[in-house]
Each structure stands twice: as structure tokens, then as C-alpha cells.
Amino acid sequence: MRALAIALAGAALALPLPAAAQKLSQTQIDAEVDALTARVEKLEGTRAVKKLQRAFGYYVDRGLWGDAADLFADDGTIEIGMDGVYVGKDRIREYLKRLHGGQEGLIYGQLNEWVTLQPSIDVAKDGRSATARWRDLGMLGQYKKHAEWRDGIYENTYEKGADGIWRIKSLHLYVNFLAPYEKGWARLKPGEGLVQSEASKAYPADRPPTASYKPFPEVQVPPFQAPNPATGKPVKGGK
């Protein structure tokens, strides 16, 4: 990454410059290279995070539980709604499988669309970690049996390993509601739109939920990990 930044800086310095600009000190050149390196690493991190999250959605859509789990760090975690926190690739893979019917791949007639929208990504200054907030829209169901909408917010973390590969460090989906397609979310009673899954009851999590959920029709704002991009200040709306 630094080599690319040096090449970019060298190419820029090779262009004809005013006499004053030609007197750049080594310190100034190093500072310019460091700034370019940071920009490249931030762009690369942002691209890698988008690729990871989109891959997760596509793999889970089609029941590729092992491929989905392999996107996580060795000590990575997943937390979906009230089910608690599962730690490590093996536990994540088994949880996802049990959550969707207990077999490899989807059941015949199963709809499992995890539509992931509105990425808001913040890469750390050192370019080795990042947070991201996403909008979840789930279209779920079983042919001729039931159909549901799901709404939620992801607040996730990602890290760049010693091997240079980015992976999911923690995936946390704050489920706002799971509502029948026919009746919709407008008819939900308080507390009806979010319950612990049967899969997590039979296959308990490693840790309890990290949040106290207040699903629709209550108003809950999942905490923002990243600061306001315009002011740089923490966003106080999350709770």
C-alpha cells in the first residue's frame, strides 16, 4: 500500500513544478507519502467492507452457511435480535444453519432474501479496522405456508488481519420487527414483532444479548459507532 503511495507521489513530483515547489524537503515528501498512503488504505478498507457484507448477504440468501461463516475472523461474533452472541466460525455456521431449517442449503420453497442497503462505513486512521451501519430488509417465508417482512439495522465491525485480508469482526443486527406479509407491521402488538428464535433456544448462544431491544411500535435507535461525518462528534441518538 505504501509502495503505491510512493509511486503516486513520485509521479506527481516528476511533473514540471515551480522553483519553490521543487525545493520540497524530505520531511515534506514523507508527509505527502504518508497522507497518500492513508487515503489509499481508507479507500481500500471501504471497498473491502462493502465486499464482505454483500458477500454475507448473498451467501445467507442461498444457504451457504460455511461460506458465510468463513467471512468472519477466528474470534468473530454474530448477534441477531434477541438470540444472543455466537462466537467463532464453527458456532456461527451451525447457528445460521439451524436458524434456517437445519440443513445445507435452503429448504424447497424457502425464501430467504437478506437485502442489505445504505452502507455508512468508517475506516480507522490506521486502516486496519472499520465500523459500518447498514439497513436490513428481509423478505422471508416458506412456499404456501407463510411469508414475513423483516426490518432492522446492522452495526458491525471489521478488521484487517496479519495476512492483509479483511474479515467481519462482529455482526450485530438490531431487529426492529418481523411481521407477517399479509397483515403487515401496522397491526403488530407491542413486543410481538421480535422474539427469541426456536433455533437459539435449542442451540444456546455463547453470551446473552448485548442490548435491551424495544422493537416496533416502540422507537429504538441502535447506537452509532461512527461519529457524525460533518462534525466529528459522537451521535447521541443511539440508545
Side-chain angles (χ1 to χ4, degrees), residues 53 56-57 59-116 134-157 168-185 187-220 222-223 239:
Q53 192 66 36
F56 176 82
Y59 296 162
V60 174
D61 279 354
R62 291 299 174 264
L64 305 178
W65 319 126
D67 287 289
D70 283 342
L71 299 172
F72 288 75
D74 290 340
D75 60 348
T77 64
I78 190 169
E79 179 177 2
I80 299 176
M82 298 173 65
D83 283 358
V85 182
Y86 291 82
V87 183
K89 294 181 181 181
D90 290 342
R91 293 278 289 166
I92 291 170
R93 177 184 177 277
E94 185 65 19
Y95 167 63
L96 288 173
K97 184 175 75 171
R98 289 176 180 240
L99 192 62
H100 297 92
Q103 68 175 43
E104 294 302 321
L106 300 182
I107 299 170
Y108 173 78
Q110 183 178 8
L111 184 68
N112 194 46
E113 306 299 308
W114 291 47
V115 184
T116 311
W134 306 79
R135 164 71 63 186
D136 166 69
L137 174 62
M139 294 183 289
L140 317 169
Q142 187 66 36
Y143 183 58
K144 291 190 175 181
K145 292 184 178 180
H146 57 86
E148 296 84 31
W149 291 109
R150 187 183 64 212
D151 172 71
I153 293 288
Y154 289 101
E155 268 291 341
N156 301 343
T157 63
I168 301 172
K169 179 67 173 178
S170 65
L171 182 148
H172 188 174
L173 177 56
Y174 291 79
V175 178
N176 188 28
F177 64 73
L178 184 65
Y181 173 80
E182 290 184 354
K183 295 182 179 180
W185 51 87
R187 301 183 185 181
L188 285 175
K189 299 177 182 179
E192 184 182 6
L194 179 60
V195 297
Q196 183 181 0
S197 73
E198 293 301 317
S200 69
K201 292 177 182 178
Y203 187 66
D206 298 293
R207 298 198 293 264
T210 61
S212 297
Y213 297 97
K214 296 180 180 179
F216 184 84
E218 294 286 341
V219 177
Q220 176 172 262
K239 57 183 179 179

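Residue indices begin at 1 and follow the sequence shown. Because only heavy atoms are used, hydrogens play no part in the values below, and waters and symmetry mates are left out as well, while side chains stay in.
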Exercise for review: Examine the side chains of S170 and T77 and answer whether a donor and an acceptor come within less than 3.5 Å of each other.
Suggested key: no

Check your understanding: Which heavy atom in P190 sits nearest to a heavy atom in P217, and how many Å separate them?
Key -> CA-CD, 4.0 Å

Point to revise | Distance in Å, H172 NE2 paired with I153 CD1, rounded so as to fall on 0.5 Å steps | key: 11.5 Å

Practice item. List for me each residue that meets ring pair (Phe, Tyr, Trp, His ring centres under 6.0 Å) alongside Y143, sequence neighbours excluded, and say none if there are none. Key: none

Review point. Rounded to the nearest 0.5 Å, how far does CG of D70 lie from CG of L64?
Key: 11.0 Å

Check your understanding: Between R93 and E104, is there a salt bridge with N-O shorter than 4.0 Å?
Key -> yes

Practice item. Please check if the side chain of Q220 supplies one atom and the backbone of K214 the other of a donor-acceptor pair under 3.5 Å. Key: yes

Practice item. Mind checking the CD-CG spacing from Q142 to L111? Nearest 0.5 Å is all I need. Key: 9.5 Å

Practice item. Under the ring pair (Phe, Tyr, Trp, His ring centres under 6.0 Å) rule, collect the residues that match up with W65, sequence neighbours excluded. Key: H100

Exercise for review: Return each pair, listed once, that meets salt bridge (charged side-chain N to carboxylate O under 4.0 Å, His left out) where at least one residue sits in residues 199-212; pairs must be two or more places apart or across chains.
Suggested key: R91-D206, E198-K201

Practice item. Sequence neighbours left out, what passes side chain to side chain donor-acceptor pair (under 3.5 Å) with N156? Give chain and number order. Key: Q53, Y158

Exercise for review: Look at the side chain of T116 and the backbone N and O of D136, then say whether any donor-acceptor pair between them is shorter than 3.5 Å.
Suggested key: no

**Study point:** Side-chain heavy atoms of I78 within contact of F56, under 4.5 Å
**Key:** yes

**Study point:** Pairing of R62 and E113 as salt bridge, 4.0 angstrom limit
**Key:** yes

Review point. Is a donor on one side and an acceptor on the other found under 3.5 Å between the side chain of D83 and the backbone of Q196?
Key: no

Practice item. Verify whether one side chain among N112 and W114 offers a donor that lies under 3.5 Å from an acceptor in the other. Key: yes

Check your understanding: What is the minimum heavy-atom distance between L188 and A179, and which atoms define it?
Key -> CD1-CB, 4.0 Å

Review point. With a 4.5 Å heavy-atom cut-off, do L99 and S197 have their side chains touching?
Key: yes

Exercise for review: List in chain and number order the residues that pass side chain to side chain donor-acceptor pair (under 3.5 Å) with D67, two or more places apart in sequence or in another chain; answer none if no residue qualifies.
Suggested key: none

Check your understanding: E155 versus Y174: any side-chain heavy-atom pair under 4.5 Å?
Key -> yes

**Study point:** Donor-acceptor pair, side chain of Y213 and main chain of G81, under 3.5 angstrom
**Key:** yes

Study note, to complete from the structure: Smallest heavy-atom separation, G76 atom then I92 atom, equals O-CD1, 3.7 Å

Review point. Parallel, tilted or perpendicular: which fits the ring planes of Y86 and Y95, with parallel below 30° and perpendicular above 60°?
Key: parallel

Study note, to complete from the structure: With sequence neighbours left out, the residues meeting ring pair (Phe, Tyr, Trp, His ring centres under 6.0 Å) with F177 are W185, F216

Check your understanding: Counting only N and O atoms by type, is there a donor-acceptor contact under 3.5 Å from the side chain of E79 to the main-chain atoms of T210?
Key -> yes

Exercise for review: Give, for atom NZ of K169 and atom CG of D74, the distance between the pair rounded to the nearest 0.5 Å.
Suggested key: 9.0 Å

Revision key, fill the gap. In this structure, CG of L178 is separated from CG of L194 (nearest 0.5 Å) by 8.5 Å

